[in-house]
Amino acid sequence: MIIKNGNVLVKGKIITKNIFIKDGKIKDFNVEGVHDNQIIDAEEMYVLPGFIDVHTHGGNGIDTNLADEKELKELSGFFASKGVTGYLPTLLTDTHEKTCEVVEIIGNVMEEQSGSKILGIHLEGPFLSHEFKGAMPDDLIVDSSIEKFMEYEKKSNDNIKTITVAAENPGVLGLIRYAVSKEVVVSLGHTGATYEDCMMCIEEGANRITHTFNGMRQLHQHYPSILGASLESDAYCEAIVDGLHLHPAIVRLMIKTKGIDKVIGITDSVMAAGLPDGKYKLGVNDIIVVDGDARLVHGDSRAGSTLTMNKALKNLMEFTRLPIEECIKMITINPAKMLNIDNDKGSLDIDKDADIVIMDKNYDVIYTIVEGRVVYNNSGK
Ligand SMILES: [Zn+2]
């Protein structure tokens, strides 16, 4: 495939360039003398690395805890239409049996991918805090168990990519040690732990913070807690950039404190993303969406978002007033680095995967390409 005349983001700069893609990889930016039947004319369009969402519970009527294989493939198609080339289906805390069942389904779907690519599974729980459970079902939160975690690994065919744990959950340090030894990224979240306990987890290898500022104890001058540890340490910080979970000034403050290379924009989207207001499910919970804001029906907690990734990019540009070259890092190369897949994904370069989103001047998605295959085409051609 050849992509011609696009405004291509390469090495941090947007330049008019061509791209030659072969065997799913970017082979060259010079297409002189190259012949290929499949040519995309990207004149006056942005050609960018595809978006990576490391925290989503679903969209378009599909919930990751409740989906079967067919629905997960549909979800990958929906995300493709939003410019997402890779994502981590995120599982809400559920019963042990249900979690085993769902990770097995996702592991099976990963054998035969279509649309946006499932890069692995994010377990949001069940080793969390009762006090800061947010939308997590209280009775299903349990103490850390390496045995249970090993069962999830096995059922998923070793596709658990990351797990969110609370720093005060009994036995968490042993679990972190084990997970890190298996190259699973450990994230701290849904936690009210002390700063000291959080820093101990980070020293043990936890290197990401789940939806920073949301579902955690807040900053206090005498008790810096998880937020103090999040902002002071080098851990990657997720940010839900829907404009509801975080005031735009907090997004700017995070970028200023952490540096833009350590902030990861996420949707934390639920099945209502892409659909009108109404009643939906989030795992075991009933939720209601009013004006795009998802909340638990029983309880006072927000329950994920209805954000999609192309809107996330627009929001980041609006909140920060930074150029697209800067904003896009937070949804491409940063999550790729956090997941240790940046050799292949997260930026456009020679011999990297051809994971590409092509957008018009208004930043609307025209094409999405995953490993050299067009998985979404809204060009009318
Ligand atoms: Zn979540």
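Each ligand, and each atom within it, is numbered from 1 in the order the structure gives. Just so we're clear, the structure is a prediction, and the values are computed from it rather than from any experiment.
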Original post:
Hey, is there an N, O or S on His211 sitting under 2.8 Å from the Zn ion (ligand 1)?
Top reply: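 It does not; every qualifying atom lies at 2.8 Å or beyond.
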
Subject >> Separation of Arg373 CZ from Lys117 NZ (nearest 0.5 Å) >> reply: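 These two atoms lie 8.5 Å from each other.
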
Original post:
Tell me, which N, O or S atom in Glu124 is closest to the Zn ion (ligand 1)?
Top reply: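 Within Glu124, restricted to N, O or S, the Zn ion (ligand 1) is closest to atom OE1.
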
Original post:
Name of the Asp268 N, O or S atom nearest the Zn ion (ligand 1)?
Top reply: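 The atom in question is OD1.
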
**OP:** Indicate whether the side chain of Asn377 and that of Ser379 have a donor and an acceptor atom separated by less than 3.5 Å.
**Re:**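 There is such a pair (donor and acceptor under 3.5 Å, judged by atom type) between the side chains of Asn377 and Ser379.
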
Original post:
Going by atom types only, do His122 and Thr164 share a side-chain donor-acceptor pair under 3.5 Å?
Top reply: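 Yes, Thr164 and His122 have a side-chain donor paired with an acceptor closer than 3.5 Å.
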
**OP:** Mind reading off the angle at the Zn ion (ligand 1) between the NE2 atom of His55 and the NE2 atom of His57, rounded to 10°?
**Re:**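 Output for this angle: 110°, rounded to tens.
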
Original post:
Is it true that Lys345 and Asp353 have a side-chain N and a carboxylate O under 4.0 angstrom from each other?
Top reply: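 Judged by the 4.0 Å cut-off on N to carboxylate O distance, Lys345 and Asp353 do form a salt bridge.
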
